[in-house]
There are 2 protein chains.
Amino acid sequence: MRNMGGKDPPGQRKRATIAHVARQARVSNQTVSRVVNNNPSVAPQTRLRVQRAIARLEYRPNALARSLVRHRSHTLGVVASGLEYYGPSGTLVGIERQATALGYSIQLNLLNRPQLADVDHVLNSLLSRQVDGIIWAVPEIGSNRSWLGRKTLNPPVPIVLLSMHPADHLQVVSVDNRAGGRLATGHLLAQGYRRIGLITGPLDWWEARERRLGWEDSLRAAGLEANEVQVFEGDWSSLSGEAGFSQLARMFPEMDALFAQNDQMALGVLQAVLRQGRRVPDDLGVVGFDDIPESAFFWPPLTTVRQEIHELGGMAVKQVVSAIEATRSEAKPAMAGIHWLTPRLVVRQSSLRNPVALATGG
Amino acid sequence: MRNMGGKDPPGQRKRATIAHVARQARVSNQTVSRVVNNNPSVAPQTRLRVQRAIARLEYRPNALARSLVRHRSHTLGVVASGLEYYGPSGTLVGIERQATALGYSIQLNLLNRPQLADVDHVLNSLLSRQVDGIIWAVPEIGSNRSWLGRKTLNPPVPIVLLSMHPADHLQVVSVDNRAGGRLATGHLLAQGYRRIGLITGPLDWWEARERRLGWEDSLRAAGLEANEVQVFEGDWSSLSGEAGFSQLARMFPEMDALFAQNDQMALGVLQAVLRQGRRVPDDLGVVGFDDIPESAFFWPPLTTVRQEIHELGGMAVKQVVSAIEATRSEAKPAMAGIHWLTPRLVVRQSSLRNPVALATGG
DNA sequence: CTGAAAGCGCTTACAG
DNA sequence: CTGAAAGCGCTTACAG
């Protein structure tokens with residue numbers, strides 16, 4: 001049933017197209033297009049007429065049509081997971097901010113089960129929507145990155161990967177987790193702790209393995225042992241931090257300090273210690289990882305390793321955009337390689353055996 | 001410079017179009033389209049030929065072109081802010097999940113300064129990309145919702161708003177914050193506390209005002225006073241929670257319990273109390289709001305008001321999608337109105353004067 | 001069951 | 001400075 005010259009359906013105003021504007025301003029479509037795209041070669045009066053028509057009709061260019069003909073959507077596909085955690089959501093914020101700054105929109109896909117991602121489905125969905133590039137902000141877990149090795153992959157747009165083991169021909173941006181592990185452990189050693197336990201994230205996570213390597217590095221460099229008995233494998237949750245402390249206190253009773261691979265697990269440790277009537281940092285030094293906003297208000301305030309998570313996301317956007325530009329301008333293909341971000345230590349009371357060293361706690 | 005029958009540029013494979021598939025399968029474009037769209041009226045052998053061509057060429061339909069002709073993008077514009085907080089990021093997760101389930105993609109826009117949003121810019125960006133509907137998941141702060149009253153607004157697509165004061169002709173989904181305030185305060189009263197202080201969020205936030213009203217409701221219903229001197233206006237941060245406790249302890253020394261309008265501020269309170277050598281819940285009962293995952297591991301574990309944040313997001317998607325369908329099918333315009341989600345109390349030790357009542361703590 | 005043709009709303013050489 | 005026309009990759013009555 002047609003709209004017989006009557007009123008528009010309620011609430012739905014038909015959108016003005018370039019043709020409507022052209023008719024109203026008595027110019028060609030192309031001239032309207034010129035005005036919209038700030039092409040200088042339009043006579044002042046013509047330009048004015050067009051601008052008025054645009055305003056009157058509330059004309060809004062259809063970005064879909066433009067993308068279709070320009071083969072460029074100015075949209076980035078972002079695949080992420082674990083937004084309930086501080087790190088991933090902060091990374092996403094960094095991504096969005098930088099993308100907006102560079103004139104790109106974000107098409108967001110979240111993965112519920114990052115360990116067994118249906119990669120093809122997600123990739124196809126993004127590519128069919130003609131994203132110009134993809135940021136894969138899903139942690140490397142088990143073999144969930146194996147698709148990158150597929151011979152048939154050959155993605156038609158640049159992909160930047162966050163937080164994974166460096167590999168040839170891939171563009172990766174990552175926090176240097178191993179250096180972070182060294183920071184945490186080295187600090188505890190410097191405070192005089194010697195029997196340092198470790199609560200890891202799930203060890204099928206690359207980041208957890210890296211942080212453990214950093215812990216080992218520091219202990220070995222100090223001539224100390226780094227044995228299985230000192231390690232508990234958690235799952236990033238506070239509950240597992242609590243369980244980890246209990247087990248380590250049993251299996252490794254001489255423990256005088258503990259490095260938990262994220263702040264949530266460190267929080268679980270703090271609570272378990274308090275409950276036992278022992279004291280942090282006197283009886284046990286504790287260091288976390290992430291520097292979530294709450295950490296400064298734990299009891300005692302938590303020493304932790306801070307990742308510049310916004311910068312991580314921003315860097316990923318810069319990388320993918322420069323790869324896009326390079327591809328479009330027929331320049332040499334974007335350089336692969338890894339871009340490391342260095343974490344830093346934030347010292348608070350949970351690790352300060354001698355309180356002298358306290359800088360600004362945050 | 002043309003590609004003179006040589007190799008494709010490195011890394012960039014030209015994308016197959018429907019025409020390529022049609023040629024290879026020796027059928028018309030329309031038949032390819034029929035196969036892609038699961039139109040049953042295609043002969044089995046033809047279908048097979050087409051499917052093979054699709055596979056060989058790795059044909060992937062261009063969603064932009066499809067959207068252009070169908071006037072339907074199957075994309076939702078989502079405007080959010082404050083992803084560093086648990087609530088907003090959880091809401092976004094809920095939105096994404098439900099959208100995916102209903103076959104919609106997410107175009108994400110984040111606002112840095114939600115109090116002074118450049119609404120037109122964001123709206124135009126979304127609309128020019130032809131989103132089918134918009135979810136406005138930005139808290140109502142000050143007058144940052146005034147644009148909804150603009151006579152010229154008349155948005156061409158349905159908008160659903162999260163967490164704002166109900167208003168005619170608007171579709172709103174919100175947690176019942178006032179009921180949440182009553183839950184928290186009523187619980188403290190039931191535990192025998194009588195002098196209940198309040199630390200609010202910024203009072204230009206609608207949610208903060210609502211939670212305060214709930215606190216007042218409960219106190220008045222119990223015949224108690226709810227005065228200015230019992231109230232401290234925080235900014236959602238733990239630091240302000242700390243400051244709030246200090247001030248209230250001074251101005252309102254008879255205080256025996258405290259309701260903090262989010263868990264971060266409650267955490268600040270817990271720390272300040274501990275530092276003073278006073279005890280929770282014996283000297284001071286404390287209740288928070290949100291139930292962030294860490295709350296169960298605070299010291300003592302925090303009683304709080306839980307919002308089903310995923311459901312909030314999911315509900316918003318359902319609302320906007322049903323409004324979209326209604327508009328498209330020329331059905332009556334989508335019903336305005338508000339959809340309330342009821343929060344619930346999670347009881348932990350921070351408010352348990354008589355520990356008998358402890359259910360499962362979390 | 002199948003296809004030729006028009007059209008979605010833009011952009012872009014090309015010609016004037 | 002300006003416009004007629006072709007084309008981006010799809011879909012969809014319509015006719016056969």
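Fair warning: this is a prediction, and the values are worked out from it, not measured in the lab. So that the names make sense, note that chain A is the first sequence line, chain B the second, and so on, each numbered from 1.
- A side-chain donor-acceptor contact under 3.5 Å links B:Asn62 to the backbone of B:Leu64.
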Handout entry: Stepwise side chain to side chain contact (heavy atoms under 4.5 Å, CB included) check, A:Leu161 with A:Met164
Key = CA-CA 7 Å; A:Leu161 301 131; A:Met164 67 165 277; 3.9 Å; yes
Practice task
Fill in the dot-bracket string of DNA chain C, one character per base: . for unpaired, | for a pair to another strand, ( ) or [ ] for pairs within the strand, taking Watson-Crick or G-U pairs under 3.5 Å.
Solution key: |||.||||||||.|||
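- Here the side chain of A:Ser33 pairs no donor or acceptor atom with the backbone of A:Asn29 at under 3.5 angstrom.
- For the pair A:Ser28 and D:dG3, the criterion of a side-chain N or O lying under 4.0 Å from OP1 or OP2 is met.
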Problem - Footprint string (nucleotides 11-16 of chain C, 5' to 3'): B base within contact, S backbone only, - free, heavy atoms under 4.0 Å - result: SBB---
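- Panel note: side chain A:Thr46, backbone A:Val42; no donor-acceptor pair is recorded below 3.5 Å.
- One can place NE2 of A:His20 at 14 Å from P of C:dG7, the figure rounded to the nearest angstrom.
- When the P atom of C:dC10 is taken as reference, atom CZ of A:Arg60 falls 11 Å away, rounded to whole Å.
- Among the heavy atoms of the strands lying under 4.0 Å from A:Ser41 is at least one base atom, whether or not backbone atoms are also near.
- A:Arg129 has its CZ atom 23 Å from the P atom of D:dC8, to the nearest Å.
- Across all strands shown, A:Thr31 has heavy atoms under 4.0 Å from sugar-phosphate atoms exclusively, and none from any base.
- When the P atom of D:dC10 is taken as reference, atom CG of B:Asn39 falls 17 Å away, rounded to whole Å.
- For A:Arg26 and D:dG3, the CZ to C1' distance is 15 Å, given to the nearest whole Å.
- Nearest nucleotide to the side chain of B:Leu68, out of D:dC1, C:dG9, C:dT2: C:dG9.
- Across the protein-nucleic acid pair, A:His71 atom NE2 and D:dC10 atom C1' stand 13 Å apart, rounded to whole Å.
- In this structure, the CG atom of B:Asn62 is 18 Å from the P atom of D:dG7, given to the nearest Å.
- A donor atom on one side chain and an acceptor atom on the other are not found under 3.5 Å apart for A:Arg72 and A:Ser67.
- Salt-bridge formation is detected for the pair B:Arg150/B:Asp120: a Lys NZ or Arg NE/NH1/NH2 atom is positioned less than 4.0 Å from an Asp or Glu carboxylate oxygen.
- In this model, the phosphate group of D:dT2 is approached by a side-chain N or O of A:Thr46 to a distance below 4.0 Å at OP1 or OP2.
- In this structure, the side chain of B:Glu140 does not engage the main chain of B:Arg145 through any donor-acceptor pair within 3.5 Å.
- To the nearest angstrom, P of D:dC10 lies 11 Å from CZ of B:Arg15.
- Under the 3.5 Å distance criterion, the side-chain polar atoms of A:Thr31 are left unmatched by any main-chain donor or acceptor of A:Val27.
- For the pair A:His20 (side chain) and A:Thr17 (backbone), a donor-acceptor distance under 3.5 Å is present.
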